[in-house]
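Take a look at the structure set out below.
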Amino acid sequence: MKNLNQFTLKQLGELLHADGDGKLLDNYIADNLIVARNPPVSRLLSRLSDDTYLLPEMRVMVLTKGSAHPVINLIEHHFEAGQVVFLSHNSMVRAVNYTADIQGFGISLTDELASMTFASAVPEMLNGRVRDFNFRLSPEQLKQLESIHTLLYNTIHGNQYSPQVVLGLAAAFLWQADHYWCMYEDQSRSSQTREQRLFTDFVQLVSQHAAREHNIDFYAQRLFLSPRYMSTLVKQVSGKSAKQWIDDAITTRIKVELRHTDKSAAQIAYEMNFPNPSFFSKYFKRMTGMTTQQYRKG
C-alpha cells in the first residue's frame, strides 16, 4: 500500500551533496546530521513542489534571502528573509511557490542523534508539544544564530574534531533557536487577550488531533471549557465556528490521503476514526460536494 511519500535525511543529503556539475556544495552531510550553509534551497523546494512529503526527521531553517509559500501540516504559510522555521519529525510539507533567489542555513538531525544530544533536558520545541512554528528574528538574533551555525560548520570541517564538541554545538544552535521561540511566544501571548490565547490553543489542538478526534467535546475538555462556551469563543475570535475549523482540518487531511496515497476509502475511514466507510463517504460528499472517487480522479 502506498503511503505518503517520505523525504528522508538520506534523500536530502543526496540532493544537497553536489550541484549539476558534481561540485561539492557548502554543506556537511552524514547519516544522522546535516549542516547546510547556503544550500540550493530553490532546488530543494522544487523537489517538494510536486507532491506532499512526510519528513521523518526534524528540520530547523533560517531564511536569509527570498521568500516561500509552503503548506505545512495542512496549513498554508508565507516565509520571508529573517524568519526561522522549525518542523518536527513526521511533518507534512508541500512547496507551493517560492522566489528563485531564496537562501538560508539550517540543520537537520535524526531522533536518535537528538536523544544523544539532549540526554537530560530537552528544548521545548522538541518535547512533542508543537509540530511546527515560524517567527521573525531580530537582526541581532539572526546574527547570533548564524554565528553558532558557522562555528558548528567550521568545527566539522576542521582536520580533527571531537564528536562531543559537534553535538554540543548542534545543541547550542537548537537551544538558542528554542530560546528565541520561547521569547517570541511569551511576547505574543502577553499581547493577546484571554480569548485570543484560548483560540490559538484550540487551533493548535485541532492541527494535532483532528485526524482522529472529530467532536467538539474533546477540544473543550482539553481547554477546560464547556463545549458551548468554546464554540462561542472561537466564533467571536475567528468568525468561523469551532465545528467548521474541525471539519476543515478533517476534510483537508482526507484530501491529502486521497490525492497522495492509494489507500482505499475504507482504510482512510478506519485510520481517521470514522464509524464506518459509509459514514465517511457521506461526510466527505457533504463537505466537498464530491465523492471520494471523483476527488481522487480529479
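Every heavy atom of this structure was used, including side-chain atoms; hydrogens, water molecules and symmetry mates were not. Only a predicted model underlies this, so the values are computations on that prediction, with no experimental measurement involved.
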Under a 3.5 Å cutoff, is there a donor and acceptor pairing between the side chains of R131 and S88? no

Any side-chain donor-acceptor pair under 3.5 Å between Q267 and E271? yes

For the residue pair R37 and Y153, would you count it as a cation-pi contact if the rule is NZ or CZ under 6.0 angstrom from the ring centre and within 45 degrees of the ring axis? yes

Does the Lys NZ or Arg CZ of R259 fall within the cation-pi geometry relative to Y295 - under 6.0 Å from the ring centre and within 45° of the axis?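 Yes.
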
Tell me whether [X] contacts the main-chain N or O of [Y] through its side chain, where contact means a donor paired with an acceptor under 3.5 Å.
| X | Y | result |
| --- | --- | --- |
| S108 | M58 | yes |
| S115 | E112 | yes |
| D178 | E124 | yes |
| Q196 | T193 | yes |

Assess whether atom [atom1] of [X] is packed by more than 12 heavy atoms of other residues, nucleotides or ligands within 6.0 Å.
| X | atom1 | value |
| --- | --- | --- |
| N127 | CG | yes |
| Q293 | CD | no |
| Y229 | OH | yes |
| M272 | CE | yes |

Let me see the working for H69 and F79 under ring-ring contact (aromatic ring centres under 6.0 Å, His included), right down to the final yes or no. CA-CA 6 Å; H69 186 83; F79 302 145; 9.0 Å; no

Decide yes or no for [X] and [Y]: does some side-chain heavy atom of the first lie under 4.5 Å from some side-chain heavy atom of the second?
| X | Y | answer |
| --- | --- | --- |
| V93 | V71 | no |
| Q103 | L63 | no |
| D132 | V85 | no |
| V62 | E146 | no |

Carboxylate-amine/guanidinium contact R197 E195, below 4.0 Å: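 No.
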
Would you call D248 and K240 a salt bridge, taking side-chain N to carboxylate O under 4.0 Å as the test? yes

Between F173 and F105, how do the two ring planes meet: parallel, tilted or perpendicular, split at 30° and 60°? perpendicular

Aromatic ring proximity [X]/[Y], centre distance under 6.0 Å:
| X | Y | value |
| --- | --- | --- |
| F86 | W181 | no |
| F218 | H209 | yes |
| H214 | Y283 | no |
| W245 | F199 | yes |

